[in-house]
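Remarks on the structure that follows.
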Amino acid sequence: MELSKNFEPQAIENKWYQHWLDKKYFNSTPDERPAFTVVIPPPNVTGVLHMGHTLNETVQDILVRKARMSGFNTCWVPGSDHASIATEAKVVQMLKEKGIDKKSLSRQEFLRYAFEWKEKYGGIIYNQIARLGCSVDWNRTTFTMDDHYYQAVLKVFVDLFDKGLIYRGARMINWDVAAKTALSDEEVEYKDLEGKLYYVKYFLCDENGAASTKFISIATQRPETIMGDTAICVNPNDERYAKLKNGFALVPLVNRKIPIIFDEYVDPAFGTGALKVTPAHDINDYNLGLKHALEVIDTLNEDGTLSEAAQIYVGEDRFAARKKVIAALEEKNQLLKVDTYQTRLGYSQRTGVVVEPRISTQWFVKMKDLAQPALDAVVGGDITIHPGDKFLATYKYWLENVKDWCISRQLWWGQQIPAWYDADGRMVVAITELEAKEKFNKQFAIENAQLRQDEDVLDTWFSSWLWPSEVFNGISEPGNAEVKYYYPGSVLVTGQDIIFFWVARMIMAGMEFEKQIPFKDVYFTGMVRDKQGRKMSKQLGNSPDLLQLIDQYGADAVRFGIMISSPAGNDLLFDEGSLEQGRNFNNKMWNALKLLKLWASREPQVAGGAEPTTQTPLATSFATDWFQNRLSEARSEVDSLMQQFRLSEALKTIYSLIWDDFCSWYLEWIKPGFEQPIDSGVYKKTIEFFTELMQLLHPYMPFVTEEIYHRLEERTDDLCVKQFEKVITADAHTLHTGVLLKEVITGIRDVRNKQQIKPKETIFLHIQTENKVIYESVMSILAKQVNAASVSFTREPVAGTITVVIGKDKFYIETEKPLNTGQQKDDLVKELHHLQGFLVSVEKKLGNEKFVQNAKPEVLALEQKKKADAEMKIRIIEESLAGL
RNA sequence: GGGCUGUUAGCUCAGUUGGUUUAGAGCAUCACGUCGACAACGUGAGGGUCGCUGGUUCGAACCCGGCACAGCCCACCA
């Protein structure tokens with residue numbers, strides 16, 4: 001079959017992916033092999049894969065494929081998350097574009113639209129995962145709103161409620177005014193910015209509310225909330241305000257009388273030392289209000305507009321109202337001054353609006369008891385975090401200081417909270433209405449109660465925390481055969497940004513419901529940024545389209561590019577240049593394949609046949625010997641690196657093994673002469689090496705390796721499931737000879753370059769060495785690689801030549817044209833200076849009595865060897881210089 | 001405000017318990033090259049007083065203190 005000039009990924013990717021699917025290589029059922037389980041961090045169902053996912057999925061696929069080829073029964077579960085807020089916002093937007101207002105729909109109608117939307121767009125991410133080559137078990141695709149999953153979430157809710165770990169109550173929570181729902185603390189992102197501090201005049205008054213001309217000045221960031229003020233607070237030790245004891249003041253604009261209270265919470269040094277207390281709209285004020293039994297006046301509606309309670313500017317948005325309040329205060333001469341001020345505001349992670357602290361009745365999970373086992377699992381070492389040093393402290397701190405988790409959301413897209421109320425506000429928690437009625441009967445002796453289910457749904461993370469277990473129906477059918485076999489998972493690969501949202505909570509859920517850790521290792525990938533280090537974002541337009549990249553470079557090149565520049569745990573600066581490098585790597589291997597095919601077409605001789613072989617058997621046998629050992633050496637390096645999750649370094653090792661050792665050295669060493677056939681034994685060995693290389697690389701670049709695997713030889717099996725052989729320990733002596741040979745070749749080529757000897761011009765090489773045996777074994781390789789017409793040994797320096805010194809050996813290069821000894825002399829002098837400097841430092845060390853006394857014997861011996869080597873090299877160079 | 005991490009070649013990073021020939025790789029750069037796999041290539045080269053500063057040590061990129069800069073996480077001061 002004719003091979004194309006370059007590797008063409010488009011032509012083979014779909015073919016092989018389909019083939020792997022047809023062969024069911026990715027499908028797993030429990031058997032006698034050990035399981036290697038990975039659950040995908042489920043992306044948002046209506047999302048598209050961004051570069052962060054790409055990195056994540058690639059890392060998982062590498063680990064899974066490697067395990068699959070190493071005797072494990074691998075099971076990688078794909079799926080997606082219903083992402084309640086994000087998806088609901090998209091559906092609401094879609095409806096709006098169609099001219100439909102969410103409010104005009106019933107819950108059922110809305111959910112029908114939402115499921116339609118999910119069916120339409122949910123497939124996009126799965127297609128992208130497949131295009132990337134991910135070896136997921138598609139039969140196990142799970143969605144967090146699948147029936148069994150939905151039931152599992154409800155079951156867990158009821159269970160935790162019965163255990164007293166879920167409660168309902170009015171608390172101050174974070175409110176998203178755009179989505180009109182409560183948020184958890186984790187869903188709020190804080191940003192530092194420059195705000196303004198307004199100093200407002202509050203007139204004092206008597207207990208009847210009669211205004212005085214005296215006033216107290218108060219600093220606030222949020223003048224639009226003053227209508228909700230229910231006190232002014234000062235520090236009891238602040239002498240300036242001591243005379244205000246039992247006093248009152250009037251809220252500006254609305255002239256409501258409020259008490260002046262005293263609490264040490266107030267910092268006299270900040271602002272004016274007096275604080276307006278607005279319990280409905282600030283967490284600190286709320287706590288202060290509780291302590292002093294203050295009235296709560298909520299002046300905001302759920303959408304962030306001012307409520308009736310505000311009395312003025314009712315219905316205006318909070319920020320518009322702020323401007324109006326400021327203007328009104330100014331007009332009444334009650335605005336004293338405005339300062340700029342560094343502050344921090346909380347924004348909703350999903351909708352981006354400024355979050356409003358709001359008192360509201362919500363459902364909460366008590367976290368303290370759940371946190372302890374999750375903490376122990378990681379601190380005790382049952383779960384290992386990679387890179388550990390970086391995240392262990394963060395994880396610990398969060399769990400040790402964890403607060404209760406607000407899990408109710410005022411949305412429709414999600415699992416509806418299984419709490420049931422009757423008209424009198426009595427409540428039970430039960431999965432079905434029928435069960436709820438039974439409970440009502442039991443608890444309240446009410447038969448056939450008229451019940452209404454809680455309108456709210458649960459936080460998305462309240463379903464995703466069950467993921468490692470419920471993808472195997474571990475919650476809905478506890479102890480089933482699959483969950484027993486696959487749980488706990490092997491490794492969880494995810495972004496460090498969801499360590500609290502998801503990782504910590506999965507560990508809690510695992511410990512609570514399975515009584516076992518959910519996975520043994522956690523591997524945190526860094527964040528993908530652009531090459532200038534900026535976050536990827538739609539606004540900057542620096543977030544590439546994955547499918548377009550795959551079309552352009554091929555999936556293997558994308559995987560290569562993202563992995564080669566992805567040091568463990570660090571952020572990754574994404575640069576298309578690295579994809580190019582991946583594409584070039586594909587071509588390099590493709591061309592090596594073409595070379596082998598070229599040799600094959602020249603009818604390889606039968607080894608030991610009648611015809612004389614054209615190669616020096618000794619030389620080719622060294623080449624194959626050497627590469628065999630080099631391969632073993634690299635394989636154990638790769639294994640060790642991968643075990644430490646140093647995937648980028650492992651890839652670099654393989655890359656260099658293939659490009660440098662195999663293509664640049666080995667193939668050149670065994671390359672037959674012009675129009676000569678290759679020795680069949682060497683050819684066979686080479687096919688084996690190439691095969692092993694493809695196997696080693698396959699987890700990283702599955703498509704090109706599978707293709708080459710099948711083109712190297714007719715096969716009935718597939719690389720995808722080819723099991724790794726045991727690594728044989730490499731022979732150090734052979735490896736060392738290889739290193740020496742490369743060094744000699746490079747040294748001589750360097751001289752050729754500097755002397756401007758054309759590649760076609762031959763040289764005569766004379767070797768002066770005490771170790772002839774080594775060079776005899778590689779003589780023909782050496783001759784070919786430096787284009788020497790002859791290689792001979794000598795006991796004496798050869799006049800009229802250029803000398804190259806490698807180790808203890810000298811190489812005299814003789815040519816027919818005159819040589820530039822000036823250049824040679826400069827180089828030798830430079831080298832001499834370097835060695836002399838080095839010698840001085842070694843001698844200094846050895847001359848130091850304390851060193852000789854304290855250093856370990858092997859260190860001392862090494863230093864002495866260094867000294868001897870340096871002295872010898874200096875002597876050799878001096879001799880060479882004398883001969884010039 | 002508290003905590004964590006980092007600072008090594010133009011860029012991105014290695015450098016494993018302090019000693020392994022006075023610091024390594026990839027990319028980028030430069031020179032030469034179209035030779036029968038490969039110019040998306042080959043051969044070779046140049047490039048770093050390891051952020052600064054004290055200290056420990058016979059010996060420090062590595063250990064300790066201080067400083068500077070960068071990044072991240074956490075925190076209710078109006």
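Chain A is the first sequence line, chain B the second, and so forth, proteins listed ahead of strands; every chain is numbered from 1. On a predicted model such as this, the values are computed, not experimentally measured, just so you know.
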With heavy atoms under 4.0 Å as the rule, sort [X] into base, sugar-phosphate or nothing.
| X | value |
| --- | --- |
| A:T278 | nothing |
| A:Y397 | sugar-phosphate |
| A:C233 | nothing |

Of the nucleotides [options], which has the atom closest to the [X] side chain?
| X | options | value |
| --- | --- | --- |
| A:F851 | B:U21, B:G19, B:A78 | B:G19 |
| A:P759 | B:A78, B:G33, B:C76 | B:G33 |
| A:N584 | B:A78, B:C27, B:C41 | B:C41 |
| A:T746 | B:C41, B:G44, B:A14 | B:G44 |
| A:K866 | B:C73, B:A37, B:U21 | B:U21 |
| A:L573 | B:U12, B:A37, B:G44 | B:U12 |

Does the ring centre of A:F560 sit less than 6.0 Å away from the ring centre of A:Y700?
no
Atom P, compared across B:C50 and B:G24: separation rounded to whole Å:
14 Å
Rounded to whole Å, how long is the line connecting atom [atom1] of [X] with atom [atom2] of [N]?
| X | N | atom1 | atom2 | answer |
| --- | --- | --- | --- | --- |
| A:Q342 | B:A75 | CD | P | 19 Å |
| A:K5 | B:A40 | NZ | C1' | 8 Å |
| A:E580 | B:A28 | CD | C1' | 12 Å |

Dot-bracket, RNA chain B: Watson-Crick or G-U, under 3.5 angstrom, [ ] crossing, | other strand?
(((((((..((((.....[....)))).(((((.......))))).....(((((..]....))))))))))))....
Residues touching RNA chain B, which here means a heavy atom under 4.0 Å, drawn from residues 637-644 of chain A
none
Just checking, is any N or O donor in the side chain of A:Y202 or A:D229 under 3.5 Å from an acceptor N or O on the other one?
yes
Under 3.5 Å, side chain of A:D750 to main-chain N/O of A:T746, donor-acceptor pair present?
no
Run A:Y655 and A:F585 through ring pair (Phe, Tyr, Trp, His ring centres under 6.0 Å) and show every step you take.
CA-CA 8 Å; A:Y655 175 74; A:F585 186 34; 4.8 Å; yes
A:E186 and A:W398, any side-chain heavy atoms less than 4.5 Å apart
yes
A:K856 side-chain N/O to B:U20 phosphate OP1/OP2 under 4.0 Å
no
